[in-house]
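Along the sequence shown, the residues carry numbers beginning at 1. Atom set for the values below is all heavy atoms of this structure, side chains included, hydrogens, waters and symmetry mates excluded.
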Amino acid sequence: GDAKAMCFGDNSQGYTCFYLFKIPDSQARGGARQLCISLTNHAPQALLSSFNSLTRHFMDIAAAIKARAEAIFEKERSPPTGPFQGPGG
């Protein structure tokens, strides 16, 4: 997939772990939007020692966001329903 998890940082600015992923978006260029979930901390050992667990939680959150985005995307792509059929209908 297109998802990525990574950590970076330094002692003066702190450390960040993030999870980058894409969701479908009919309003975005190319039909997809990139989102990022991140966590910043000044204790690198705390972030690095929990990186796998943190990534799994990020993936769960991303999956929920993506599922909702896909439902909206499909709704936007489906033809309108109802009594109004447009011109000539």
Side-chain angles (χ1 to χ4, degrees):
D2 294 322
K4 297 176 185 167
M6 189 173 163
C7 287
F8 65 92
D10 61 40
N11 288 331
S12 64
Q13 299 296 316
Y15 295 83
T16 300
C17 287
F18 70 89
Y19 186 74
L20 182 67
F21 62 101
K22 287 183 181 181
I23 61 169
D25 185 343
S26 64
Q27 303 297 313
R29 184 176 297 164
R33 184 174 305 277
Q34 286 195 338
L35 299 178
C36 181
I37 303 169
S38 65
L39 179 69
T40 301
N41 195 320
H42 281 283
Q45 286 305 108
L47 281 178
L48 295 177
S49 66
S50 61
F51 181 73
N52 290 335
S53 176
L54 185 60
T55 299
R56 282 193 300 275
H57 289 295
F58 283 166
M59 290 171 71
D60 291 344
I61 294 166
I65 293 169
K66 190 171 183 175
R68 181 68 179 131
E70 287 170 346
I72 292 169
F73 186 76
E74 288 304 316
K75 185 177 180 182
E76 290 174 345
R77 292 183 61 209
S78 62
T81 59
F84 180 72
Q85 299 297 317

Check [X] against [Y] and note the closest heavy-atom contact, atom names and distance.
{"X": "Phe73", "Y": "Gly31", "result": "CE1-O, 4.2 Å"}
{"X": "Ser50", "Y": "Ala46", "result": "OG-O, 2.8 Å"}
{"X": "Ala3", "Y": "Tyr19", "result": "CB-OH, 3.1 Å"}
{"X": "Phe21", "Y": "Cys36", "result": "CE2-N, 4.5 Å"}
{"X": "Pro24", "Y": "Ala69", "result": "O-CB, 3.9 Å"}

Atom [atom1] in [X], atom [atom2] in [Y]: separation rounded to 0.5 Å?
{"X": "Lys66", "Y": "Ile23", "atom1": "NZ", "atom2": "CD1", "answer": "9.5 Å"}
{"X": "Leu47", "Y": "His42", "atom1": "CG", "atom2": "NE2", "answer": "10.5 Å"}
{"X": "Glu70", "Y": "Arg77", "atom1": "CD", "atom2": "CZ", "answer": "11.5 Å"}
{"X": "Glu76", "Y": "Asp25", "atom1": "CD", "atom2": "CG", "answer": "7.0 Å"}
{"X": "Leu54", "Y": "Ser38", "atom1": "CG", "atom2": "OG", "answer": "10.0 Å"}
{"X": "Thr55", "Y": "Asp60", "atom1": "OG1", "atom2": "CG", "answer": "11.0 Å"}

If you group Ile, Leu, Val, Met, Phe, Trp and Tyr by side-chain heavy-atom gaps below 4.5 Å, do [X] and [Y] land in one group?
{"X": "Leu20", "Y": "Phe8", "answer": "yes"}
{"X": "Phe18", "Y": "Leu39", "answer": "no"}
{"X": "Leu35", "Y": "Ile61", "answer": "yes"}

Going by salt bridge (charged side-chain N to carboxylate O under 4.0 Å, His left out), name the residues that satisfy it together with Arg29, two or more places apart in sequence or in a different chain. none

Could you list the cluster mates of Ile72? Members are the ILVMFWY residues connected by side-chain heavy atoms closer than 4.5 Å, either directly or through other members. none

Evaluation steps, side chain to side chain contact (heavy atoms under 4.5 Å, CB included), between Tyr15 and Cys7: CA-CA 7 Å; Tyr15 295 83; Cys7 287; over 6 Å; no

